[in-house]
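By convention here, the first residue in the shown sequence is residue 1.
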Amino acid sequence: MEDKLFIIAIGGTGMRCLESFVHLCAAGMFDNKTIDILTLDTDQANGNKGRVESLIDLYNTVKTNDSQNIGGVPRSDTFFSAKLNLYKFFTDYSTTSRRTYNLLSDTSSLSQEKRDDNRDLSDLFFDHDSVQQFPLDHGYRAQTHLGSMLMYHGIMEAAIKAKRGGDDVKQHEKQLQEFLQLLNQNASNARVFVFGSVFGGTGASSIPVIPIALRDALKVITAGNNELNLNNVKFGSTLLTDYFTFDMPDDQQRSKDKVIADATNFALNSQAAMTFYDGDLTVRNTYKMLYHIGWPSSMKINYSQDQHGDVITGGQDQKNACHFVELMSAAAAYDFFTRQDLNQAKAEYVFRSVEFASSSNHEALRLTGASFVGETDGPLFEQKLGTLLSLSHLILSRYKGGQDGTCGTIEFLKDLKARNVETYKDIPDDQARKLDDYLKEYAYKFVNGNLEAGWLHQINQSIGQGSFIFSSDALSTKADILQKVDPGAIYSDDKYNWETGFGLGSKADKRLSKFIDILKSNDSAATVQQGGTLKEKFLGNLYNAIVKAQKTSHLKLG
């Protein structure tokens, strides 16, 4: 029986790792897979959480337009091949009586003696004037000793409410219940991968307690009849150490917010968390694989740069740029989901080293597909990311979809019709615009005339002066260069770039003509496995034609 795949993304960093994972799905790295995803945070308004949830909604809209079957069905050898099911949960600290630990732990209904005992116990473990008083709705702020307890409490509280039922059960609690029930139904063959960091608050707090919290919550929901045996469910996780920094908050903000994570302590936080995980029996006995992912301290990005006012601790303004290590984390999930043997009794720690060149002038990473998924699948990784990047530049650059007010997919379909390709003329404009919208998230877009880098361009920016599979023009941050990018010449290695055809015009024009000839050929037509709707056939046809133009059709998953 094939294993059932689950993702849990925790905290702001976990959300950005999930963002990279979704883009790998769009590129076709998870063919024929259905993946159930739980987003878990303390901060329901977190900008990174909202961004990735909107991305998954957009992914499903592009994949199918069937409102009765959101996200369609799994496909193979095409874009958007995996089926993604999204469940959203957050621990709710929005009301006045729940905003701080001091309020949340109120025991006014008990006798004075018991209240005094409760207060003494809380004061023993948590500083009364700071840790017990800071607002919880922006995360646990590197207070992992508090966060682990409260995350477990939040999941159990939601399970109790969902089991009890009634009008006061909120939508996010119902979605947690649905996710847990699905996990329970597949307990004998489930693989659960957790995205989270170990240097902050929410992720570091949650990684150790998630397996136990899920098991115990299911005991409540199923009245003790749960099937979630932690010896059978295969858990994996990222151990993502500090890779960015931010400015120190001033005294005024410290006084107002009580506790704020201090970036200067991130390395120490990571060391403490790793030491704890290594000795903790729950972590050692419930996780099969732990992926240790780090970043050179000399290359950290300052997310406070060019910002003014308070240090952003959470909320809708927390929309940090995407980073290389988040893509490496998504690649770790790929490794975990495709490994053949996960029957070891205790957690195995793994890492992957990448080529790192250092000189007197600068330090630079040299990244290939093998850097992310190993030598065997490295070429396929490059082909998948590049196929979607070629499509992005075809639509956004060649047909001007990246510009304000222009839909490149509509313009491309018009050009196909002019070249006597009328197969897809009935694709509605609104569906064409959704494809543009997704490609803008993947690559780039212009907003009010200003260039905004998308996911892959942000990944490239994070590695500084390093090299990353594609040509510098294909991932440029200069508007005049991007507008002229040839979608058939995006790779650093010319062997993957498209051949030119005959006729008049530039090399890019000849490549485009050759590509459309390939698109029109019967050999590039979409197969049954690639989809049945007109839009799915369009995406499958495009995928086949780009792969043939790249001369990489021999590369297959697995």
| query | Under 6.0 Å between ring centres, would you say that holds for Phe179 and Phe6? | reply | yes
| Greater than 12 external heavy atoms within 6.0 Å of Tyr349's OH | yes
| said: Can you confirm whether the side chains of Ser462 and Gln458 place a donor and an acceptor under 3.5 Å from each other? | reply: no
| request: To the nearest 0.5 angstrom, please state how far the CG atom of Leu482 sits from the CD atom of Gln403. | output: 9.5 Å
| Ion pair Lys440/Asp436, N-O distance below 4.0 Å | no
| field | Intermediate values then yes/no, salt bridge (charged side-chain N to carboxylate O under 4.0 Å, His left out), Glu348 and Lys288 | value | CA-CA 6 Å; Glu348 179 181 343; Lys288 298 296 185 183; over 6 Å; no
| Between the side chain of Asn541 and the main-chain N/O of Lys537, is any donor-acceptor distance below 3.5 Å? | no
| Do the rings of Tyr491 and Tyr496 sit parallel, tilted or perpendicular, given the 30° and 60° boundaries? | tilted
| Under 3.5 Å side-chain donor-acceptor pair for Gln483 and Ser397 | no
| field | Beyond-backbone contact of Leu176 with Tyr87, side-chain heavy atoms, under 4.5 angstrom | value | no
| said: Could you tell me if the side chain of Asn232 sits less than 4.5 Å from the side chain of Ser188, heavy atoms only? | reply: no
| task | Would you check, one step at a time, whether the test side-chain contact (heavy atoms from CB on, under 4.5 Å) holds for Leu240 with Cys17? | result | CA-CA 10 Å; Leu240 180 50; Cys17 294; 3.9 Å; yes
| message | Does this structure show an ion pair linking Lys507 with Asp486, if we count only N-O contacts that are shorter than 4.0 Å? | response | no
| Without hydrogens or angle criteria, can the side chains of Asn448 and Asn450 be said to hold a donor-acceptor pair below 3.5 Å? | no
| Lys417 (side chain) donor-acceptor with Tyr424 (main chain) under 3.5 angstrom | no
| Salt-bridge criterion met for Asp3 and Arg191 (N-O under 4.0 Å) | yes
| note | Of all heavy-atom pairs linking Thr61 and Lys535, the shortest is O-NZ, 2.8 Å
| query | More than 12 foreign heavy atoms under 6.0 Å from CZ of Arg366: is that the case here? | reply | no
| note | d(Ser371 OG, Glu382 CD) to nearest 0.5 Å is 8.5 Å
| task | Kindly assign one of parallel, tilted or perpendicular to the pair Phe90 and His172, based on the angle between their ring planes and the thresholds 30° and 60°. | result | parallel
| For the rings on Tyr59 and Phe80, is their centre-to-centre separation under 6.0 Å? | yes
| query | Below 4.5 Å, heavy atoms only, C-beta onward: do Leu385 and Phe470 meet side chain to side chain? | reply | yes
| Those residues that, when tested against Asp335, pass salt bridge (Lys or Arg N to Asp or Glu O under 4.0 Å) (two or more places apart) | Arg339
| said: As a test of understanding, state which of Trp455, Phe372, Phe468 forms a ring pair (Phe, Tyr, Trp, His ring centres under 6.0 Å) with Phe324. | reply: Phe372
| said: Within the 4.5 Å heavy-atom criterion, are Leu539 and Arg75 side-chain neighbours or not? | reply: no
| Can you check whether Asn32's main-chain N or O pairs, donor with acceptor, with Ser76's side chain at less than 3.5 Å? | no
| query | Charged N to carboxylate O below 4.0 Å: is that the case for Glu411 and Lys400? | reply | no
| Is it the case that more than 12 heavy atoms not belonging to Glu499 sit under 6.0 Å from its CD atom? | no
| field | Straight-line distance of Ile459 CD1 to Cys322 SG, nearest 0.5 Å | value | 5.5 Å
| message | With a sphere of 6.0 Å drawn around NZ of Lys514, does it hold more than 12 non-hydrogen atoms of other residues, nucleotides or ligands? | response | no
| More than 12 heavy atoms from other groups under 6.0 Å of NZ on Lys434 | no
| Would Glu326 and Arg16 pass as an ion pair if we require N to O under 4.0 Å? | yes
| Can you tell me if Gln530 and Asn544 form a side-chain donor-acceptor pair at under 3.5 Å? | yes
Anything under 3.5 Å between a donor and an acceptor, one on a side chain of residues 21-30, the other on a protein residue two or more places apart or in another chain? List them.
| unit_1 | atom_1 | unit_2 | atom_2 | d |
| --- | --- | --- | --- | --- |
| His23 | ND1 | Tyr438 | OH | 2.9 |

| field | Glu53 side chain reached by Leu86 side chain, heavy atoms, under 4.5 Å | value | yes
| field | Nearest atoms (heavy-atom pairs only) where Pro487 meets Trp498 | value | O-CZ2, 3.7 Å
| task | Answer whether the closest heavy-atom distance between the side chains of Ile70 and Asn85 falls below 4.5 Å. | result | no
| How far apart are the C-alpha atoms of Gln529 and Asp31, what are their side-chain angles, what is the distance that settles it, and do they pass the side chain to side chain donor-acceptor pair (under 3.5 Å) test? | CA-CA 10 Å; Gln529 290 76 21; Asp31 278 358; over 6 Å; no
| query | Just wondering, do Trp295 and Met328 contact through their side chains at under 4.5 Å, heavy atoms? | reply | no
| request: Considering only NZ, NE, NH1 and NH2 on the basic side and carboxylate oxygens on the acidic side, decide whether Glu2 and Lys33 come within less than 4.0 Å. | output: yes
| query | Where the side chain of Lys83 meets the backbone of Gly72, is there a donor-acceptor pair that is under 3.5 Å apart? | reply | yes
| query | Any side-chain heavy-atom pair from Val350 and Met289 closer than 4.5 angstrom? | reply | yes
| request: Evaluate the ring planes of Phe79 and Tyr543, with Trp represented by its six-membered ring, and classify them as parallel (under 30°), tilted (30 to 60°) or perpendicular (over 60°). | output: perpendicular
| query | Taking atom CD1 of Ile35 and atom CG of Leu84, what is their separation to the nearest 0.5 Å? | reply | 6.0 Å
| query | For Ser81, does its backbone N or O pair with a side-chain atom of Thr78 as donor and acceptor, under 3.5 Å? | reply | no
| said: Can a donor-acceptor pair be found, under 3.5 Å and without considering hydrogens, that links the side chain of Ser521 to the backbone of Ile518? | reply: yes
| field | Salt-bridge present (Arg51, Glu19; N to O < 4.0 Å) | value | yes
| message | Restricting to salt bridge (Lys or Arg N to Asp or Glu O under 4.0 Å), what partner residues turn up for Asp509, sequence neighbours left out? | response | Arg398
| request: Using modelled atom types only, decide if a donor and an acceptor are shared between the side chain of Glu536 and the backbone of Gly532 within a distance under 3.5 Å. | output: yes
| task | First locate atom CD1 of Ile490, then atom OG of Ser390, and finally report the distance between them rounded to the nearest 0.5 Å. | result | 3.5 Å
| message | Classify the ring geometry of Phe538 against Phe412: parallel below 30°, tilted from 30° to 60°, perpendicular beyond 60°. | response | tilted
| Point-to-point distance, once rounded to the nearest 0.5 Å, from CG of Leu439 to CG of Leu456 | 12.0 Å
| request: Using the six-membered ring wherever Trp is involved, compare the ring planes of Phe336 and Tyr291 and label them parallel, tilted or perpendicular (cut-offs 30° and 60°). | output: perpendicular
